[in-house]
Every structure is written in structure tokens, then in C-alpha cells.
Amino acid sequence: MIFLFHAGCCAGNSNIASIHMTSLLSGLNPEQLEAVTWPHHSALVLAGAGSGKTRVLTTRIAHLLQTGQAHPQNILAVTFTNKAAREMITRIAAMLPINIRGMWIGTFHGLCNRMLRMHAEDAGLPQAFQILDMADQLAVIRRMLKERSLDEKSFPPRQVQWFINSAKEEGLRASRVETQDSYRRKLAECYQIYEGICTREGIVDFAELLLRSYELLSRNELLRDHYRARFNHILVDEFQDTNRLQYKWLKLLAGADSPQRAAIFAVGDDDQSIYAFRGAHVGNMKDLERDFAISKVIKLEQNYRSHGNILDAANILISHNNGRLGKNLWTAEGHGEPVRVYHAITDIEEAAFIVDEIKALQADGLALSNIALLYRSNAQSRILEHSLFNASIAYRVYGGMRFFDRQEIKYALAYLRMIAFPDDDHALLRIINFPARGIGARTLEQLQEEAGAAGSSLWQAALKRCDGAGDTAARRANASGKSVAGFVHLIQTMQQACAGLSLPEIVHHVGEMSGLMAHYQAEREGAERLENLKELINAATSFVHESEDDSLLAFLSHASLEGGEHQAGSYQDAVQLMTVHAAKGLEFHSVFISGLEEGLFPHENSRHEANGLEEERRLMYVAMTRAQRRLYLSHAQSRMLHGQTRVNVPSRFVEEIPGDLLKRLRPDSRADIGSQPFFMSPADDARPVRRAAGSTASNASSRSVAAMAAHAPGLRIGQQVSHTKFGPGTIIDYEGSGADMRVQVCFSHAGTKWLSLAYAKLTPL
DNA sequence: CGCTTGCGGAGGAAG
DNA sequence: TCCGCAAGCG
């Protein structure tokens, strides 16, 4: 009764409580209020974009606690991303002065991990099971295929991986996969073998976390009853993104068919379902209504984000989809500006237009970080970056490599793993020869044979090898015996050295002793990797401070479950570039959606998928509803794709928006020429119109000198420079900006190289 | 062992 | 066109 305890601290607690109550619920619109104060019965909240979804979710939790309808330990709230989970926790903590420890708030995978660690034995897992990310999983699959002499051509590892994960997400074990045709039968065999490896080595992939947890609950009645009695409020964020297994898990946990079932409070938006390709099943929304006897869907349709024209355009666009649950966003604000549509001749010219508009917005006082450039596929960012760079506009690209995905981090983590759990074959294989210590494929094969024969881990096999002291046969042929001995010795030394140290100290030691630091120090382009290794120590430090469990094992799980930021953020004000998928959940004053062409958006691959076009349209809907005040849609008549210039028709999505909501812009004038035809004659095409302001030249020599100087004072293309190692040279090209800026230098003696300005010491001559 | 070369493929991506 | 991966050479 944590809340009552708090209230009881204060005199006149009923007064305090009512003040809290008012402040919690005040400012909610009627629908939000209905959702927040919904009785202890399952509910489906259809929450449109910008309708205050997170607020409803967090306020409901606070309200349940405050009114004594639930104690923290009765609450389980599940999200898809760590970011969303963190935000939820932060907001609840800001609303209520309570200890939120008892609540289970996290991602599906995080919560399943928590449950499996607590009941590892019951779940048939070793206490220290390791979590594989996608890349690790792929590596294990490759290893398996090789061991089984299965041809990678007839068994593409990625397809095998996809098959296994899809099966797991349907809740199917290898033995229960349907095998009508021989191909599926073979894949099912792979799944079977893979399962064996995972069991033997105590490794668990992402899908396995859920499946194990599900099986644990369904098999173990005691545990199931325990959790059912405990969590009587289950709240789900982004419900439209749940896959079949996640829904089954929720259903089992909530006890859909048991008399005293939990209330599931699911918040989602079928119109924003854009993850079918990774298993999301929107049908779960209908299933929830049925399985939990939900009589009324609460709709949050008032939008607090966008102006009217933007919402109207989005509403009409999405109305072209069938089978929607049905929802129409509205705003209390005015219509605002029309949606701007720009018809570019080429992709280059499209980028130039965007740059010009950004400059104009900037001149009007808008911060760059309030501007987003969205695109359907990552490949499109290149040309936008190029143009932004030339115009000296700071930008930040989202996506790509995440911190814990980096190879140097993976190596360090594998060493950490070996310290605590040396029997981990997967970790051993990753680092046994990195940094290089002369252990080749040959030695490894032998080791694997020995381990196979003894039925032991590779580590045990390596130990045995070293035990066989003296000059036995193992040592005769080459030095590999020595190398393995060296490796064994290294790990053992590290184990001893790290005993009793704090986590950050261990990470530091491992970096030094493994030789990783030295390796990257010696490597020419290793500066950034070195930085990341240092950053890993920081990550360990903050982990120790923030986490209840500061063990090495917990840190390793954390690393697997939390990819980390995409890149160390340069905190300067910058335009935000990202895919539409990555933009979901975000909002910006001004949004550009570029590449609105048939084949690109909607993407041509979607044509061969069931309901592919509708998913693309939802994607467009998500993109449009990111904009608060100004929305630009642009498309180019011709675009370079896969090395070929292709001519494209404007996206049907643009056509689906009524003309009276649009303002069409043209390259040669800002006048409204919406009545003119979209396509220009070939003669026009031959002489593309260039906007005056932005240089769109693609070769470095004609780039704006001023542009580069703005990023790197004192440097320009053509500048003679000197490098401490490579000697004199000339700057011939550059890319990136700020801390990420790199220059290409043609050295007199050392050839042409790309160098990071942040690390390379270049002296202007 | 590590680097270079050549070929193929190319969508979106949390945990 | 560009990137990433697999085989091949020094």
C-alpha cells in the first residue's frame, strides 16, 4: 500500500488525494478521461496519431495506483521499445511520489527475460542463458549449416533464420512445423538442429524468449496462477504491432478463459500498423475484442499535434483502405497551411528544393531540429545528405549501426562472457582468434572435433589440450597447440584479474588484457572503435548506477536487449533524416516526405504482398501525421536507382489527397500551377530547371568552397595539407558534417585516403 | 592471415 | 551506383 502510506504522511490526506486526483485527471478530454478511469475490465483504446496515447496509458496507471484500485505489483505494462518503456516509467514517476519498483514495465522481451531468469530451472534453461541478437543468431545458423555440411546456396542462412523465427512467432516448435513440401521439411530439419544447439549451449534468441516464457506459463500451473493473481492490470502499448505469439502470451497471462481474469488495457491504432513484415498481426485487435468480450472500443480522435489541413489530408488518404476499425482525427485548431506538393524533375533537383525550403524555414527562425526529412527507403538519404552538406546545413541521420551492434563492442562483450561463462562456445568462437593469435580454421576444426567427441564445450576441449602436458602429438605439427594454450592462459589470467572488481573496472581490464585496445590503437581507422570501447566502460558505469542487478550477467543481457543509441549524438541543432518507419511516434513542426513515386512509395515489392498496398498507405498516413504545422510532399520525375536513371509516375498517394488541401509548387516558380499536367515534355526534361540557390553539382570540384569552410574553418577543396603519417597532400572531397566530417585527401606519396577530421591531424600548408 | 578483387543484389527493423 | 560478402592471392 505504498500510495496510502505516502498520503498518510500528510495531514488531511483526503484533501491531498483529491488535489492529486484533480491534477491527474484535469486537462483530459472526455474520451481520454473515459479511458483513464475505465473500470477493471478489459478495454481496447483506438488511439489516433497525436491523440495523447502515452498520456492516457501513464495517467491510467497513476490513477489506478492513486485510487487504490491497484498496487504497483499488480501492474504489468508492456511496450515494444526500451525507449517507450523508459518514457512510461519517467512519466509515472513524475505524476506520483511512489516507488515504481514493484511494477513490471518493459518490453515484451525484457519482461520475458525477467521471468525466465527468475524461473530458469522451470523453464529448462541454465541460469546464465545468453541472449542472441539477430546477428548472433545468424552466426549460429551459419555454424550449424557448416557443421552439417549443408550447402549455403540451397539453404540461405537468412531464409533459415526467417523460417525459424516465423515458426517460433507462431508458437511452433520444430516438431510441430507443417512440412508439406520437401523444402519446408528441410527447413524444419534445420530448425530442429538449431534447437538442439541452442539447448546444448544455453542460448536463447529473441523469439525464444517469448516462446519459452509462453511455454513456461502454459505448462506450469502454479506459476501461471501466481502471475495471474499478481498482475490484474495488464497494459499494452502499440497493440497493433503485437505478433501472434505476443498476443497468446498476453492472453495466457491475463487468463482470458479463467474466471478471475486480468483486465487488459490495450492501446493501439490499426491505421498505424506498419510492421506486418516483421510479424505484427493487426487482427489481434479484433481477436482481443472477441476473446475479452470488449463491448465498446474507446476512440481517441482529437489530435493535439497537427493543423486541420494536414489531418484532413491524412484522413482522406487512409479512408482508401478497407477493413479499418474506423476513426477520423480532428483538431480544435485551425486549418493551417495547405499541404505543399513539389514536382521535381530529377532526384537531385528534388533535394535542391528541399534544401531551399529548409533555408527559408531557418531564415524564418525555425530550429533545424524541428524539421524532418522522411523517406521510404534508406538509400534515398544519400542524395539528401549530399545536398544538405553542400548547403552547410547540419543534419542527423537516424538508423544504421547501433552501439551494441558494433564489432568492437561485440568482441569486448564476448570476452566478458568468457570470463563469467567460459563454456560459451559462441563467445569463444568469436574471440579465440581476435585479436589474431594464430589460431586458424585448422585448429578450430580439431578443437570442435575434440569437443564433439567428448560431448563438451570448446573451452573444455581447449583446457584438455593444455593439460596433456609435455610434447604430445597435439603439439607436433605446428604451433597451434601453443596458441590455444596462450588463449586459455589469457582467459584464465583475465578471470583472476577481474575477480572482485566492479563492472566498469572489469570492462576496462578486459579491453586492455584482451589486446582489443592495443589492436585498435594500431589500426589506422581504429580511433572510433577505440572511443567506443571507452564508451563501453561508461555504459557499464551507468548500468551499475541505474540497475538493481549490477552483475556481469545482467549487463550482458542488457547489452543484448538494448541496442543502444544509433550513434553518439552530436547535440547541435540539426535537420532530422530518417525512414518513415523510424519516424513513427515522433513529431516535427515541418515534415518533408520525399520520393513519392510509384515503385518507391508505395514500394514495388509491396505489390506482391497480401495487403501490401494498404500497408504502404498506412505508412504514408504515419508519415503525414508526423507534421505539426507544415507538410511537404515531393516526387521526382526521374531518379537514379540501382545505378540507372528511372522515370517514375507520381505516387497514387499524392493523387488520393483532394486538390483543395494541396498547394502545388513548381521548380521555376512558387506560383500555384496545380491545373497544369504533371509531366513535362521530353524537351523540358532535356533542360532540367535548376533552382538558383542550391548548387546540385555532384562532383567535388565544383562544390561550394564556402560550404566546406563553414564546416571546417581553414579547409577547402584543393587545399594543400600535411598529415603526420602520410605527408603532404591535397583535399579533393569531403562528406558528413561536424564531428563526423571526413575529407578525402590525395597524398603525394601515400595514395588517396578518407580521413576523419576529428581524428586525423591535418595541417593546412 | 589479411588484404584485394569480383560479383551479386538492392525494403522497412524493435528486441 | 554502391555496398557487402566470398573466393583468391601475397
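Quick caveat: nothing in here was measured; it's all calculated off a predicted structure.
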One thing to verify: whether [Y] and [X] come together as a salt bridge, which I'm taking to mean a side-chain N less than 4.0 angstrom from a carboxylate O.
X	Y	result
A:Lys410	A:Asp133	yes
A:Glu385	A:Arg382	no
A:Arg86	A:Glu562	yes
A:Asp205	A:Lys168	yes
A:Glu616	A:Arg376	yes
A:Asp270	A:Arg618	no
A:Arg417	A:Glu201	no

Measure from NZ or CZ of A:Arg430 to the centre of the six-membered ring of A:Tyr415, then state whether that distance is under 6.0 Å and the direction lies within 45° of the axis. no

Please check if the number of heavy atoms outside A:Arg173 that lie under 6.0 Å from its CZ is greater than 12. yes

A:His558 and A:Phe543 aromatic centres sub-6.0 Å: yes

A:His635 and A:Phe601: aromatic ring centres closer than 6.0 Å? no

Which part of the nucleic acid, if any, lies within reach of [X] when heavy atoms closer than 4.0 Å are counted: base, sugar-phosphate only, or nothing?
X	result
A:Glu238	nothing
A:Asn433	sugar-phosphate
A:Gln246	nothing

Determine: side-chain N/O of [X] to OP1/OP2 of [N], distance under 4.0 Å, yes or no.
X	N	answer
A:Arg402	B:dG15	yes
A:Asn82	B:dG15	yes
A:Ser606	B:dG11	no
A:Asn378	B:dG12	yes

Rounded to the nearest angstrom, tell me the gap between atom [atom1] in [X] and atom [atom2] in [N].
X	N	atom1	atom2	value
A:Leu641	C:dT1	CG	P	13 Å
A:Asn165	B:dA14	CG	P	15 Å
A:Leu132	B:dA14	CG	C1'	16 Å
A:Asp241	B:dG12	CG	C1'	12 Å
A:Arg376	B:dG11	CZ	C1'	5 Å
A:Asp136	B:dG15	CG	C1'	13 Å
A:Phe80	B:dG15	CZ	C1'	10 Å
A:Leu116	B:dG15	CG	C1'	14 Å

Give the B/S/- string for nucleotides 2-10 of chain C, one per nucleotide from 5' to 3', where a protein heavy atom under 4.0 Å of the base yields B, of only the sugar-phosphate yields S, and otherwise -. SS-------

Which is more 5' along DNA chain B, the nucleotide nearest A:Glu616 or the one nearest A:Glu562? Just name the residue. A:Glu616

Nearest-angstrom distance, [atom1] atom, [N] to [M]:
N	M	atom1	result
C:dG4	B:dA13	P	15 Å
B:dG12	C:dC5	C1'	22 Å
B:dG11	C:dA6	C1'	24 Å

Could you go through nucleotides 5-10 of chain B and list every protein N or O atom that sits under 3.5 Å from one of its N or O atoms, giving the distance for each pair?
residue: B:dA10; atom: N3; partner: A:His642; partner atom: ND1; Å: 3.4

Where the side chain of [X] is concerned, which of [options] is the nearest nucleotide?
X	options	value
A:His581	B:dG11, B:dA14, B:dG12	B:dG12
A:Met640	B:dC1, C:dT1, B:dG15	C:dT1
A:Asn605	B:dC1, B:dA13, B:dG11	B:dG11
A:Ser377	B:dG11, B:dC1, B:dA13	B:dG11
A:Phe277	B:dG11, B:dG12, B:dG15	B:dG12

